[in-house]
Amino acid sequence: MRQKTKFRRKITKNYEKRAIFALQILNNFTNKKYAMASQEDVFKKLVAHCKEYGFVFPSSEIYDGVGAVYDYGQNGVELKNNIKKYWWDSMILLHENIVGIDAAIFMHPTTWKASGHVDAFNDPLIDNRDSKKRYRADVLIEEQLAKFDEKIEKECEKAAKRFGESFDKEMFIQTNGRVQEYVTKRTELHTRFANALNDNNLEELKQIILDYEIVCPISGTKNWTDVRQFNLMFSTEMGSTADGAMKIYLRPETAQGIFVNYLNVQKTGRMKIPFGIAQIGKAFRNEIVARQFIFRMREFEQMEMQFFVRPGDEMKWFEHWKSFRLKWHKALGLGDHKYRYHDHDKLAHYANAATDIEFEMPFGFKEVEGIHSRTNFDLSQHEQYSGKNIKYFDPELNQSYTPYVIETSIGVDRMFLSIMSAAYCEEKLEGGDSRVVLKLPAVLAPVKACIMPLVKKDGLPEKAREIMNQLKFDFKCAYDEKDSIGKRYRRQDAVGTPFCITVDHQTLEDGMVTIRHRDTMSQERVSINDLHGIIDAQVNMKNLFKKIVE
Ligand code: ATP
């Protein structure tokens, strides 16, 4: 979550990130370093692949792009739509007590006052007066911490070379005077930093930057402004100035669209507690430091579901949704070991439980989804600010109350990135050949099957078209007759198409085609009449849904 605690929540995360890094140093110093370097490489290749094969482009690239804004290309949009369908149907089809809405991006400005975003949806920023560049104060300090880590790392590398096989890293770190000096300094800095963040102490953040002589990477100077809170919401004006324009915000989360519609949906849908409202839509955050491709964007998409429950029942439902959401992720088959929960130690004042589902990205375990028990904070706030009665009369208890809420909130783009990172594979083949293949879950693949006539003559293209016309009502299909079959296979591997279907001269006689499976590259001869069943068995979402509810 976000408002009020956004600033403080990051602390716990940063703290943990640093702690993990320190642990890595102690545990498996050198190996880890090399592993991380090659992971970075893979990530770069993945970003390039996304562009080359029409998945993700920098926004308005012909004008050199806009920071942290991306467009989805012809394959990206199919994958994204499939992710959204997988989420939407898992909410709406599998639960008779969950309904969907599609609220507007523009909302009455009081919404954001009531939710707390106007006052507290902030990051701490600092400017360098010479370069005129803006930074996140916490990130500058984190980079300073990383410098200590690098120094420790360098000492270990030197010693490893000197001592060869007999080198004991852990022992070296614990006993070497210089390394111990770095460790102590790092710990001191870390403690000050964590305290400053916990206390929301902006003066102390600046003082740390001055004390550690942190300079602007551009100007090289220490000519810093004070640290200020920076609100992450984008604002604009609605109406002409002559009418008296109203300052409004681009929503930083979709959840508030659900809360302000709670009464409408509950009444018109005659919903009984417990029930949920789901929504997919764009959200906007003016992130100060936006990096790591589509992991942190300024315009992104969320899939959120707010589940309204009786006060007192929230922990039961929190556990339920935690487990349900993890099953949803795991059903995709990207590898169970790639997920973990990260329970929040520090909670927003109105929350009584919160956890993240993290996925192992090429740059480490990162939050993909948040599950929060938000008590009745949001509905109570809107009740107070709007003056409307947002109570629910529970006929079973014969009493009225403001419902409690369990929220599940996942970013479509982060989900997209996690799937792409797990799917991207470089393989060496027999005979010295190699291929890049996207081992996407077949249900999410942009194209399900590519139909290929072996040659562009002898009636094979016509037969291939005939097959495509049979399949295209149910599956997104591609047709390709250019280049050798081998090259065509590689093109489909690169976009993750699970099946290639080749039509040859024999097909015209016996109605059989060659179907080639993407991951194993195995081929088999099957009847045209069986194609629909073979493809459906792999790409039908029903298979995943059964796994989730069983
Ligand atoms: P972070 O700590 O990474 O900034 P957050 O905890 O602020 O994330 P939430 O407010 O809980 O995120 O939003 C729910 C989900 O929305 C996140 O789990 C993530 O998948 C997605 N999300 C949030 N901010 C961004 C962003 N800037 N770009 C892409 N996705 C985002």
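Just follow the structure's listing: the first ligand is 1, and inside any ligand the first atom is 1. All of these numbers come straight from a predicted model, not from anything done at the bench.
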| Aromatic ring centroids of Phe308 and Tyr392 under 6.0 Å? | no
| said: At under 4.0 Å between heavy atoms, is it the side chain or the backbone of Gln302 that contacts ligand 1, or both, or neither? | reply: side chain
| said: If the condition is side chain to side chain contact (heavy atoms under 4.5 Å, CB included), which residues does Asn352 pass it with, not counting sequence neighbours? | reply: Glu314, Met315, Ser373, Thr375
| query | Any chance the side chains of His117 and Gln256 put a donor and an acceptor closer than 3.5 Å? | reply | no
| task | Consider only side-chain N and O atoms of Trp321 and Thr408, and report whether a donor and an acceptor are under 3.5 Å apart. | result | no
| query | What atoms in ligand 1 come closer than 4.0 Å to a heavy atom of Glu369? | reply | 18 (O)
| task | Give the atoms of ligand 1, by number and element, whose distance to some non-hydrogen atom of Ser409 is under 4.0 Å. | result | 13 (O), 14 (C), 15 (C), 18 (O)
| task | Answer yes or no: does an N/O atom from Phe300 fall short of 3.5 Å to an N/O atom of ligand 1? | result | no
| field | Within 45° cone of Tyr424 ring axis and under 6.0 Å: Lys45 NZ or CZ | value | no
| message | Less than 4.0 angstrom from a charged side-chain N to a carboxylate O is my criterion; do Arg136 and Glu142 meet it? | response | no
| message | Residue-level breakdown please: for Arg285 versus ligand 1, do any non-hydrogen atoms fall below 4.0 Å on the side chain, on the backbone, on both, or on neither? | response | side chain
| request: Please state whether Val368 comes within less than 4.0 angstrom of ligand 1, counting heavy atoms only. | output: yes
| request: Return yes when Glu253 approaches ligand 1 closer than 4.0 angstrom through a heavy atom, no otherwise. | output: no
| said: Is there a polar contact between ligand 1 and Asp413, counting only N or O atoms under 3.5 Å apart? | reply: no
| said: With respect to Ile410, determine whether any N or O atom, backbone or side chain, lies less than 3.5 Å from an N or O atom of ligand 1. | reply: no
| field | Test of proximity, Glu304 against ligand 1: N or O pairs below 3.5 Å | value | no
| remark: Quick note, side-chain hydrogen bond (donor to acceptor under 3.5 Å, both in side chains) partners involving residues 92-112, not counting sequence neighbours, are His108-Thr110
